[in-house]
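Down below is the structure, laid out as structure tokens.
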Amino acid sequence: MLLRTVETFLRTHNLPATKFGRLAVHDPRFVLDLRMGRTPRRDTEMRTRAWMQGYAAGAAKTECSKPGEMA
């Protein structure tokens with residue numbers, strides 16, 4: 001189910017698959033490999049999920065603090 005989560009994440013954050021792979025696991029082919037049936041090790045999956053949570057939290061923080069917006 002990691003692939004489904006990653007695909008949703010890519011659409012939500014408008015992030016290219018290769019950039020996601022480089023940032024999350026230092027492998028630009030990571031998403032392509034998942035699409036082709038790769039099953040990552042448990043620790044890789046956990047790190048990837050943790051990275052997505054951190055990225056989403058940072059993106060949410062950025063959205064809340066855009067200059068010129070009132071809270």
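Within 6.0 Å of CZ on Arg29 lie no more than 12 heavy atoms contributed by other residues, nucleotides or ligands.
Of all heavy-atom pairs between Arg49 and Met1, the closest is NH2-C, 4.0 Å.
Under the side-chain contact (heavy atoms from CB on, under 4.5 Å) criterion, Thr39 pairs with no residue at all, not counting sequence neighbours. Remark: Arg42 pairs with Met46 by the side-chain contact (heavy atoms from CB on, under 4.5 Å) rule, at least two apart or across chains. Arg22 is linked by a salt bridge (Lys or Arg N to Asp or Glu O under 4.0 Å) to nothing, counting only residues two or more places apart in sequence or in another chain. Shown here are the side-chain contact (heavy atoms from CB on, under 4.5 Å) partners of Leu23, two or more places apart in sequence or in another chain: Lys19, Trp51. Legend: residues meeting side-chain contact (heavy atoms from CB on, under 4.5 Å) with Arg47, ordered by chain and number and at least two apart, are Asp43, Thr44. Annotation: salt bridge (Lys or Arg N to Asp or Glu O under 4.0 Å) contacts of Asp27 (sequence neighbours excluded): Arg38.
Side-chain contact between His13 and Met52 is absent, with no heavy atoms from C-beta onward closer than 4.5 Å. Residues Leu2 and Pro40 have side chains in contact (heavy-atom distance under 4.5 Å, counting atoms from C-beta outward).
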